[in-house]
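Beneath this line is the structure, given in structure tokens, with notes to follow.
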Amino acid sequence: MVALDLKGQGPSFSVPEAEKRWLEKVRAELEGYFSGAKNYPDFENLRLEVPNFTRRCLELLREIPRGEVRTYGWLADRVGSPRALRAVGRALACNPLPLFYPCHRIVAKNGLGGFSAGREWKRLLLAWEGVRF
């Protein structure tokens, strides 16, 4: 909600209490990840509106420990479609929350591979976790 200040002070912002609590949870989860205390930020009851194949791919990403990587082939095997490497890549490209579902930990068998936010961000996130490419 934006409240206009008609006395010339500029706009002021007020956030409802429920949203303040949610934003505080987001802040705490991100601080936990960036401090190294958490494998990935997490929220209970987070529901994604994505196809089942994509959901299975994203959920499996949470099994990869911080500071480790796996290949697209590993993920395709785990999701039950060992030859579906391109489908896995497309599913990861649709990841709406790349820190919450750490798709940066999936790499090509002979290189970095892609990332929805760009390869430089992928390198930065991996470096933050102690992985060098």
Side-chain angles (χ1 to χ4, degrees):
M1 168 188 308
V2 176
L4 292 178
D5 177 3
L6 300 177
K7 297 178 185 172
Q9 304 276 330
S12 63
F13 296 91
S14 61
V15 179
E17 279 305 311
E19 290 174 13
K20 282 181 186 176
R21 287 190 301 274
W22 185 81
L23 289 171
E24 176 57 31
K25 173 81 170 146
V26 169
R27 184 192 61 74
E29 288 293 317
L30 290 173
E31 281 182 358
Y33 168 75
F34 283 111
S35 72
K38 297 186 71 84
N39 190 32
Y40 51 82
D42 196 16
F43 288 94
E44 302 90 34
N45 304 318
L46 182 63
R47 300 275 182 217
L48 292 179
E49 297 294 325
V50 296
N52 285 336
F53 181 83
T54 299
R55 181 183 328 281
R56 289 193 331 258
C57 288
L58 296 178
E59 289 170 354
L60 285 167
L61 296 172
R62 293 171 172 249
E63 294 181 8
I64 306 169
R66 178 188 189 96
E68 295 184 21
V69 295
R70 302 290 187 272
T71 64
Y72 291 96
W74 175 87
L75 187 53
D77 284 342
R78 296 292 311 233
V79 80
S81 300
R83 295 174 25 167
L85 300 177
R86 290 181 194 263
V88 165
R90 280 192 303 276
L92 298 186
C94 297
N95 182 356
L97 299 166
L99 288 180
F100 294 81
Y101 298 97
C103 57
H104 60 279
R105 296 178 186 158
I106 296 292
V107 298
K109 75 175 172 185
N110 52 352
L112 188 62
F115 187 58
S116 60
R119 287 178 172 205
E120 192 54 35
W121 274 105
K122 186 172 189 169
R123 278 189 194 90
L124 288 170
L125 289 170
L126 289 173
W128 184 265
E129 295 182 1
V131 178
R132 301 281 184 245
F133 260 89

**Message:** As a quick check of understanding, evaluate salt bridge (charged side-chain N to carboxylate O under 4.0 Å, His left out) for E31 and R27, giving each step before the final call.
**Reply:** CA-CA 6 Å; E31 281 182 358; R27 184 192 61 74; 2.6 Å; yes
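- Side-chain contact between R123 and F115: absent, with no pair of heavy atoms (C-beta onward) separated by less than 4.5 Å.
- Partners of E49 according to the salt bridge (charged side-chain N to carboxylate O under 4.0 Å, His left out) rule, which considers only residues two or more places apart in sequence or in another chain, do not exist here.
- Rounding to the nearest 0.5 Å places OH of Y101 at 11.5 Å from CG of L60.
- Interatomic distance, L97 CG to S116 OG, rounded to the nearest 0.5 Å: 10.0 Å.
- Scanning all heavy atoms of the two residues, the minimum distance from R70 to P65 falls at NH2-CD, 3.7 Å.
- Residues V107 and V131 fail the side-chain proximity criterion, which asks for heavy atoms closer than 4.5 Å.
- Contact between K122 and G114 at its shortest, heavy atoms only, is NZ-O, 2.8 Å.
- Checked against N39 for a side-chain hydrogen bond (donor to acceptor under 3.5 Å, both in side chains), the options E68, R105, E129 give a single hit: R105.
- Distance check: E63 CD to R78 CZ gives 4.0 Å after rounding to the nearest 0.5 Å.
- Nearest approach of A76 to L85, heavy atoms of both residues: CB-CD2, 3.8 Å.
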**Request:** Evaluate the side-chain contact (heavy atoms from CB on, under 4.5 Å) criterion for residues L58 and L92: first the C-alpha distance (whole Å), next the side-chain angles of each, then the deciding distance (0.1 Å), finally the verdict.
**Result:** CA-CA 7 Å; L58 296 178; L92 298 186; 4.2 Å; yes
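- Residues R55 and N52 meet the side-chain proximity criterion, which asks for heavy atoms closer than 4.5 Å.
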**Request:** Before giving the answer on side-chain contact (heavy atoms from CB on, under 4.5 Å), spell out for Y72 and K109 the whole-Å C-alpha distance, their side-chain angles and the decisive distance to 0.1 Å.
**Result:** CA-CA 7 Å; Y72 291 96; K109 75 175 172 185; over 6 Å; no
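- L125 and L75 fall within a single hydrophobic cluster, where Ile, Leu, Val, Met, Phe, Trp and Tyr side chains are chained together by heavy-atom contacts under 4.5 Å.
- The cationic group of R90 does not satisfy the cation-pi geometry with F53, failing either the under 6.0 Å distance to the six-membered ring centre or the 45° limit from the ring axis.
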**Prompt:** Given E29 and L99, is the side-chain contact (heavy atoms from CB on, under 4.5 Å) satisfied, shown in steps?
**Reply:** CA-CA 10 Å; E29 288 293 317; L99 288 180; over 6 Å; no
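- Take F34 and apply the ring-ring contact (aromatic ring centres under 6.0 Å, His included) test, not counting sequence neighbours, and it matches W128.
- A salt bridge is defined here as a Lys NZ or Arg NE, NH1 or NH2 lying under 4.0 Å from an Asp or Glu carboxylate O, and R56 with E59 fails to meet this definition.
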**Asked** Can W74 and I106 be said to form a side-chain contact (heavy atoms from CB on, under 4.5 Å), step by step?
**Response** CA-CA 9 Å; W74 175 87; I106 296 292; 4.2 Å; yes
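- For R66 and Y40, the positive end is not near the middle of the six-membered ring at less than 6.0 Å and at most 45° from its axis.
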